[in-house]
Amino acid sequence: MNTAAELAALREALTDLATWANATLNREYTDRQYIAEHLRDAVEALANGDEIPSPPY
């Protein structure tokens, strides 16, 4: 994969993460600790070139 494609994939993944976090935070009775841990794990996976783990919700 070339650099431009990698950057586009990274932007798409980060947009998806932000959308998921925003939607999940808007739900009632959401545990913010799970959201924070998932975002941390997802960003770490993206930085390492790994697949993003499934969200807890």
Side-chain angles (χ1 to χ4, degrees):
M1 190 182 301
N2 67 32
T3 304
E6 287 182 18
L7 181 57
L10 178 60
R11 285 179 177 160
E12 182 178 346
L14 288 171
T15 298
D16 291 347
L17 275 172
T19 300
W20 170 82
N22 191 41
T24 304
L25 285 169
N26 286 333
R27 293 183 197 155
E28 209 168 319
Y29 308 114
T30 298
D31 188 339
R32 292 174 184 269
Q33 181 67 31
Y34 286 128
I35 295 168
E37 289 173 0
H38 175 65
L39 290 174
R40 179 204 59 214
D41 293 344
V43 169
E44 183 178 358
L46 286 170
N48 292 328
D50 300 331
E51 260 190 57
I52 297 174
S54 298
Y57 296 101

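In this chain, residues are counted from 1 in sequence order.
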Same cluster or not: are Ile35 and Val43 linked, directly or through other Ile, Leu, Val, Met, Phe, Trp or Tyr residues, by side-chain heavy atoms under 4.5 angstrom apart?
no

For the side chain of Asn26 and the backbone of Asn22, is there at least one donor-acceptor N/O pair under 3.5 Å apart?
yes

If you compare all heavy atoms of Ala42 against all heavy atoms of Pro53, which two are closest, and at what distance to 0.1 Å?
CA-CD, 4.1 Å

To the nearest 0.5 angstrom, please state how far the CG atom of Leu39 sits from the CD atom of Glu44.
13.0 Å

Kindly indicate whether the side chain of Thr24, heavy atoms from C-beta on, has any atom under 4.5 Å from the side chain of His38.
no

Is it the case that atom CZ in Arg32 sees more than 12 heavy atoms from other parts of the structure closer than 6.0 Å?
no

Hey, what do you get for CD1 (Ile52) to CG (Asp41), rounding to the nearest 0.5 Å?
11.0 Å

Separation of Leu46 CG from Glu51 CD (nearest 0.5 Å)
10.5 Å

Hydrophobic clusters here meaning ILVMFWY residues chained together by side-chain heavy-atom distances under 4.5 Å, can you tell me if Leu14 and Trp20 are in one?
yes

Quick check against the 3.5 Å criterion: does Asn48 have a side-chain atom that pairs as donor or acceptor with the backbone of Asp50?
no

Atom CZ of Arg11: over 12 foreign heavy atoms under 6.0 Å:
no

